[in-house]
Amino acid sequence: MARDVIVVGAGPVGLMTAGELKLRGVDVVVHEALPAPTRQSRGASFTRRTAECFDQRGLLGRLGATEPADSHFGGIPIDLGMLAEDHHGHRGVSQFRTERMLEEWVGELGVPVLRGREVTGLRQTPEGVVVSFAGPGGPGEESAAYLVGCDGGRSTVRKLAGIGFPGTDGRRGFLTADVTGIDTRKRRIGENLPGGSMVMAMDLENGVTRVVVHEAGTPPPRDRGSLTFSDLADAWQRLTGESLHHGRCRWISCFTDASRAAAEYRRGRVFLAGDAAHVQPPAMAQGLSVGVQDAVNLGWKLAATVRGRAPEGLLDTYDAERRPVGEQLARNARAAIELRLTGEEMDPVREVVGELLAHKDAAEYAAGMLSNLGVRYDLAKGDHPLLGRRMPPDHTLTLPDGTRTRVAELLRTGRGLLLTTDGAAAAHTARHHTDRVDIVTTTPTDTAATTPDTVLVRPDGYVAWTAPGTTDDLDQALERWFGAARTAL
Ligand SMILES: Cc1cc2nc3c(=O)[nH]c(=O)nc-3n(C[C@H](O)[C@H](O)[C@H](O)COP(=O)(O)OP(=O)(O)OC[C@H]3O[C@@H](n4cnc5c(N)ncnc54)[C@H](O)[C@@H]3O)c2cc1C
C-alpha cells in the first residue's frame with residue numbers, strides 16, 4: 001500500500017522532516033543509502049533559531065551540554081552582548097550526535113529508517129510518486145503521495161526531478177580533518193594569513209581537534225577520495241611552521257566555497273529541503289541549521305495536506321517562504337568567504353564592515369541573519385513587529401490556574417497556538433478549529449509587556465496573526481493557515 005510520504009536521506013534534515021510528519025500522524029518512511037550512521041563531526045554548531053526549533057519539540061535538552069557559539073561575519077566579530085535579545089547559537093555538538101538524537105526521536109515516534117536503500121529513480125503520477133531503489137535485498141520500488149528529497153548537496157532527487165541548481169562553483173579547497181593527539185594553539189574562528197590563506201583549529205569533544213587549512217590559490221582537489229592526512233599536515237606546516245604529522249586522523253575531507261540554491265523547492269509532489277535545496281561554504285556554519293528550519297516549515301504544511309485539512313495554497317508557501325532564506329544564505333556565505341579570504345585588497349572593506357558592525361543597529365541586522373532570528377515571512381497585513389516573526393519561545397506565560405509555562409512548551413504538540421488574554425471572544429471565534437489549534441488563555445500582565453492581547457502562532461512557531469484590541473479578522477487568519485472551520489468540512 002502506498003505511503004503518505006517518502007523522505008530520502010537520514011541526515012539531520014531528513015530525520016527532522018520525518019519527525020515533524022510523524023508527530024502529526026503521517027505514514028512516513030525514510031530511505032537512507034548508508035548502511036549505518038556516520039561518525040562525522042561536520043556541523044558542530046547550530047544557530048539560535050535552530051536551538052529554538054529543537055526546544056519547541058522538546059529536543060534541545062536531549063543533546064546534553066553545549067556552549068555558546070562564536071558570532072562573526074567573515075571573521076569580523078559581532079558583539080552580541082549589546083543586543084536586547086540573546087542571539088547566541090550553540091556549539092560543541094558534533095553532527096553525528098545531533099543525528100543520533102534525531103534518529104532516537106523518530107524511532108520513538110515509530111518512523112521506519114530503512115538503511116542501505118539508495119534511491120536511484122523517481123517518477124511522478126497524478127496520484128503520487130514512485131521511487132526505485134537499490135537495497136540490501138536487491139532493487140525495488142515504493143510509492144507514496146509525496147516525496148521529500150533531503151539527500152544532501154549532490155541530491156539525486158533534485159536531479160531526477162529536473163530542478164535547476166544555479167549558483168557558483170567551488171574555487172577554493174578547504175582541507176578539513178578531525179584529529180586526536182595534537183596540542184596546537186586553538187584558532188576557533190580561524191586565523192587569516194597573508195595573501196588569503198587561513199588556518200583554523202577548534203576543540204570538538206573528547207580530545208578531538210577540528211583543523212581546517214586553506215592555502216591561497218588552491219582549488220578543491222579533483223579526487224577527494226585520494227586525500228590523505230599528510231596532504232593536510234604538509235599544508236599546515238607550510239603555513240604555520242608547525243608539524244601535525246604525528247596526529248591521528250579520524251576523518252578527513254575537503255569542502256569548497258560553492259554556493260547554490262535550488263531554482264524550485266517544490267515540483268509537483270516532490271519537495272527539497274536542507275543541502276539538497278541549498279549548499280554554501282561552512283564559513284557561516286548554517287547549512288544544518290537552515291535545513292532543520294526548512295523541515296520545520298514544511299512538516300506541518302505537508303501533514304495538513306496529507307490529512308485533507310490544508311487550505312488552498314498552503315503547500316506553495318513552503319517555496320515562497322524558504323527559498324528566499326536559502327538564496328540569502330548562499331549569498332551571505334559567499335560574501336563572508338570573500339571578506340575573509342580575498343587578499344590585502346580587501347583590507348579597507350574589512351575595516352569598514354568592522355566599523356559598521358560596532359553599531360548596534362548594524363550588529364542587530366547582521367546577528368539576525370546569523371542567528372536566523374531575523375527571518376520574517378510575509379504572513380499577514382499589518383505592521384505589528386511580531387507579525388511574520390517567530391514567537392519568542394522563551395516568553396513565559398501564567399495560565400489561569402497560576403501555572404507558569406513557556407511558549408516553547410506549548411508548541412510541543414506540533415499544533416497551532418492561540419494565545420489570548422481575551423479568552424471568551426478569541427475562544428468563541430476559534431471554537432471550530434480546536435482540533436488543529438490549542439487555545440491558551442493567559443493573564444493580561446504577562447502578555448501586555450511584550451505581546452498583544454491575542455496572537456495566532458503557527459505550528460512552526462511563527463506569528464500568523466495579531467491585531468491588538470480586536471479579534472475581527474481572526475476567523476480569516478484561522479482559515480488561511482489551518483483550513484475551513486470544522487462545521488464547514
Ligand atoms: C566541515 C563542515 C562543517 C560544517 N559546520 C556546520 C556548522 O557548524 N553548522 C551548520 O549548521 N552546518 C554546518 N555544516 C553543514 C552541514 O554539515 C550540512 O548542511 C548538513 O549535513 C545538511 O544536512 P542534510 O540532512 O541536508 O544533508 P546530509 O547531512 O548531507 O544528509 C544527506 C543524507 O542523504 C543520504 N543520501 C544521499 N543520496 C541518497 C540517495 N540517493 N538515496 C538515499 N539516501 C541518500 C546521505 O547518505 C546522507 O545520509 C558543515 C559542513 C561541513 C562539511
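Remember, it's 1-based here, ligands and their atoms both numbered in the order they're listed.
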If you count the atoms of ligand 1 from 1 in the order shown, which ones are under 4.0 Å from a heavy atom of [X]?
| X | value |
| --- | --- |
| A44 | 7 (C), 8 (O) |
| C150 | 32 (C), 33 (C), 34 (O) |
| A33 | 43 (C), 44 (N), 45 (C) |

**Residues forming a ring pair (Phe, Tyr, Trp, His ring centres under 6.0 Å) with H90, sequence neighbours excluded** = F46

**Message:** Among E321, R323, H278, exactly one meets side-chain contact (heavy atoms from CB on, under 4.5 Å) together with D294. Which residue is that?
**Reply:** H278

Does [X], backbone or side chain, put an N or O under 3.5 Å from an N or O of ligand 1?
| X | value |
| --- | --- |
| G153 | no |
| Q280 | no |
| S45 | yes |
| L288 | yes |

**Complete:** Any heavy atom of D275 under 4.0 Å from ligand 1? The part involved is both

**Request:** Could you tell me whether R210 approaches ligand 1 through its side chain, its backbone, both or neither, with non-hydrogen atoms closer than 4.0 Å?
**Result:** side chain

**Message:** Within the supplied structure, the quantity of interest is the number of heavy atoms (other residues, nucleotides, ligands) at a distance under 6.0 Å from R412 CZ; does it exceed 12?
**Reply:** yes

**Asked** Which pairs with one or both residues in residues 193-208 pass salt bridge (Lys or Arg N to Asp or Glu O under 4.0 Å), sequence neighbours excluded?
**Response** R97-E205, K186-D203

For [atom], what is the closest protein heavy atom, and at what distance to 0.1 Å?
| atom | value |
| --- | --- |
| atom 49 (O) of ligand 1 | E32 OE1, 2.7 Å |
| atom 3 (C) of ligand 1 | R42 O, 3.2 Å |
| atom 25 (O) of ligand 1 | V13 N, 3.1 Å |
| atom 6 (C) of ligand 1 | G43 CA, 3.1 Å |
| atom 23 (O) of ligand 1 | P12 CG, 3.5 Å |
| atom 40 (C) of ligand 1 | V119 N, 3.7 Å |
| atom 16 (C) of ligand 1 | Q95 OE1, 3.5 Å |
| atom 51 (C) of ligand 1 | P282 CG, 3.9 Å |

[X] and [Y]: which non-hydrogen atoms are nearest, and at how many Å?
| X | Y | answer |
| --- | --- | --- |
| A358 | M82 | O-CE, 3.6 Å |
| F54 | M16 | CE2-SD, 3.9 Å |
| A362 | L356 | CB-O, 3.1 Å |

Can you tell me if [X] has a non-hydrogen atom under 4.0 Å from ligand 1?
| X | result |
| --- | --- |
| R117 | yes |
| F255 | yes |
| G291 | no |

**Spacing of T47 atom OG1 and L373 atom CG [to the nearest 0.5 Å]** = 7.5 Å

**Asked** Hey, does R117 have a side-chain heavy atom less than 4.5 Å from the side chain of E32?
**Response** no

**Message:** Can you see whether F96 has R39 sitting over its ring - NZ or CZ less than 6.0 Å from the centre and within 45° of the normal?
**Reply:** yes

**Lys/Arg cation over aromatic Y318: R266, 6.0 Å, 45° cone** = no

**Prompt:** With a 4.0 Å cut-off, would you call R172 and D257 a salt bridge?
**Reply:** yes

